[in-house]
Number of protein chains: 2
Amino acid sequence: MKSLVLLVEDDIDLATTIIDYLQLEDIICDHAANGAACLQLIYENQYDVILLDVNMPRMDGLTVCKTLREQGVETAILMLTARDTLEDKLAGFHAGSDDYMVKPFEMLELVARIQVLSKRRSGQSMLLNVDELKVNFSEKAAKRAQRDVLLSPTGWILLETLMRKSPQVVSRRQLLQAVWGDESPDSNSLKVHLFKLRQQIDAAGETKLMHTIVGQGVVLRKKIDG
Amino acid sequence: MKSLVLLVEDDIDLATTIIDYLQLEDIICDHAANGAACLQLIYENQYDVILLDVNMPRMDGLTVCKTLREQGVETAILMLTARDTLEDKLAGFHAGSDDYMVKPFEMLELVARIQVLSKRRSGQSMLLNVDELKVNFSEKAAKRAQRDVLLSPTGWILLETLMRKSPQVVSRRQLLQAVWGDESPDSNSLKVHLFKLRQQIDAAGETKLMHTIVGQGVVLRKKIDG
DNA sequence: ACAAGGGTTAACGAAGGGTTAATAACAATT
DNA sequence: AATTGTTATTAACCCTTCGTTAACCCTTGT
């Protein structure tokens with residue numbers, strides 16, 4: 001499975017180099033140039049690993065790391081820094097990072113460490129949530145508020161696809177691909193599966209979390225205004 | 001919480017130094033002087049982290065690491081070695097290690113990395129229990145509440161697999177793999193074994209601990225949902 | 001109004017899973 | 001060597017759940 005990582009790095013040249021390289025290795029890499037942008041992206045996406053530069057102008061990497069941990073973000077964090085003294089490393093681990101690499105580093109080693117960190121996470125309880133909807137994929141347990149959400153195998157695939165992209169809209173084309181790969185049956189089947197999924201996620205009287213955007217696709221999010 | 005680690009290192013002096021140091025940091029450290037002893041200890045104990053020296057006389061660290069992973073051991077492995085070339089590191093990660101430290105290293109950094117690796121694991125010890133179900137695998141003794149649970153060899157494999165992953169769902173694919181490896185019988189043998197296991201674990205009138213999730217697999221947990 | 005996209009429903013065959021019993025393989029004992 | 005008890009595999013049967021389809025309805029934009 002492809003890894004999705006976030007690179008937080010103020011040096012644009014270095015960032016570009018890293019991003020380009022990771023793409024070749026099937027690692028999708030978002031980029032934030034500073035701590036604030038980082039927090040925003042983490043709120044919107046579900047990353048496997050966060051690559052965090054320590055030396056950044058306003059909010060430094062250690063602070064970002066601590067902040068994330070305090071907010072309950074459990075995503076694996078790999079610190080990237082030119083500082084290689086023991087004190088710096090310990091400070092990094094103490095702030096809650098999972099790994100620490102000293103610049104300049106080899107790209108292949110970075111790739112290897114990213115893969116280890118994302119593997120760890122997928123082995124653990126893979127937890128996603130959108131507003132009231134909390135889903136644990138490894139336990140195959142989904143809840144909306146207090147209520148159990150019961151899903152068929154196809155329902156799980158659709159839910160996972162929608163949650164991973166949330167709050168982005170997912171086209172029906174992508175959903176077909178996610179469930180059936182290249183050979184999909186009569187497209188009406190997807191309609192039925194989406195109907196059943198919607199029944200489970202948005203029960204009578206609840207605020208809708210699953211929205212259809214005509215001609216665009218389906219999206220899972222709190223409000224539809226975006 | 002105290003960590004339990006296994007140090008696999010043929011240099012007795014270095015091993016002693018490390019063990020003594022780790023003890024000061026509340027890390028209990030077993031020692032194996034070679035690969036064979038290592039495999040035996042891992043079979044008997046449930047370690048948080050395995051510290052693995054690469055340069056060892058008979059069976060080298062990389063081979064030990066690969067062997068462990070092939071046998072399904074998922075314990076975090078930290079490689080310790082004097083080799084610091086990129087190829088060596090990549091070989092380490094490729095063999096299935098989780099981290100890599102180059103000698104000579106700082107003890108404090110070793111401690112920090114051990115703590116990160118043990119934090120990540122979900123707290124499982126050799127004496128496993130899921131609610132009323134208490135199992136000692138080394139003695140092959142299982143009890144549900146006061147009642148003895150009697151199992152066949154296959155039953156033990158299934159139970160161990162399910163308990164190790166609990167509360168995660170284990171697919172039938174994984175169970176087949178756990179019992180028969182790559183060549184499984186071509187019938188519903190697994191169904192029958194699961195049936196018998198279920199009879200033992202959930203006797204008449206008791207709350208079900210073993211659940212089937214259609215299309216997903218089997219889980220051992222108290223309730224089907226939080 | 002009408003076409004297109006999407007929602008809803010019921011029905012049926014397919015697949016997944018539970019249960020039972022018979023048989024085969026195996027080990028330990030006599 | 002024969003007996004006994006345990007375990008593994010197979011097949012047959014049944015029930016439940018899932019996926020797909022077709023038919024029909026509703027909404028929206030032109």
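Keep in mind it's a predicted model, so treat the numbers as computed, not measured. So you know, we letter chains A, B, ... as the sequences are listed, proteins then strands, and number each from 1.
For the OP1/OP2 pair of dG7(C) and a distance below 4.0 Å, the side-chain nitrogens and oxygens of Arg172(A) include at least one atom meeting the criterion. At the phosphate of dG16(C), neither OP1 nor OP2 sits under 4.0 Å from any side-chain N or O atom of Arg173(B). At least one side-chain nitrogen or oxygen of His193(A) sits closer than 4.0 Å to the OP1 or OP2 atom of dT20(D).
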Collect all protein-nucleotide pairs involving nucleotides 27-30 of chain D in which both atoms are nitrogen or oxygen and the distance is under 3.5 Å.
none

Distances under 3.5 Å only, N/O to N/O: pair up the protein atoms with those of nucleotides 8-10 of chain C.
none

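With rounding to whole Å, Leu176(B) atom CG is found 11 Å from dT9(D) atom P. Leu197(A) places its CG atom 12 Å from the P atom of dG7(C), with the value rounded to the nearest Å. Distance Lys208(B) NZ to dG18(C) P: 12 Å, rounded to the nearest Å. Atom CE of Met210(B) and atom C1' of dG18(C) are 11 Å apart (whole Å). A straight line from CD1 of Ile157(A) to P of dC18(D) spans 13 Å, rounded to a whole angstrom. Atom pair Leu175(A):CG and dG5(C):C1' shows a separation of 15 Å (rounding to whole Å applied). Look at CD on Gln216(A): it is 15 Å from C1' on dA4(C), rounded to the nearest Å. Straight-line distance from the CD1 atom of Ile213(A) to the C1' atom of dG6(C): 14 Å, rounded to whole Å.
Taking the side chain to side chain donor-acceptor pair (under 3.5 Å) definition, one finds that Asp202(B) meets it with Arg144(B), sequence neighbours left out. Scored by the salt bridge (charged side-chain N to carboxylate O under 4.0 Å, His left out) test, Lys89(B) finds Glu109(A) as partners (sequence neighbours excluded). Taking Glu206(B) as the reference, Arg147(B) meet the side chain to side chain donor-acceptor pair (under 3.5 Å) condition, with sequence neighbours excluded. Scored by the side chain to side chain donor-acceptor pair (under 3.5 Å) test, Asn34(A) finds no partners at all (sequence neighbours excluded). Under the rule for a salt bridge (charged side-chain N to carboxylate O under 4.0 Å, His left out), the partners of Asp148(B) that lie at least two apart in sequence or sit in another chain are Lys143(B). A search for side chain to side chain donor-acceptor pair (under 3.5 Å) contacts involving Gln40(B) returns Glu44(B), not counting sequence neighbours.
For the salt bridge (Lys or Arg N to Asp or Glu O under 4.0 Å) condition, the pairs that include at least one residue of residues 53-65 of chain B, sequence neighbours left out, are Asp53(B)-Lys103(B).
Each of Gly155(A) and Ser152(B) has a nearest nucleotide on DNA chain D; the 5'-most of these lies closest to Ser152(B). Nearer the 5' end of DNA chain D, as judged by each residue's closest nucleotide, is the contact made by Pro153(A), out of Leu190(A) and Pro153(A).
Between the side chain of Asp98(B) and the main chain of Leu78(B), no donor-acceptor pair closer than 3.5 Å is present.
Using a 4.0 Å heavy-atom cutoff across all strands shown, Trp180(A) reaches sugar-phosphate atoms only and no base atom.
The environment of Lys66(B) atom NZ is sparse: at most 12 non-hydrogen atoms of other residues, nucleotides or ligands sit within 6.0 angstrom.
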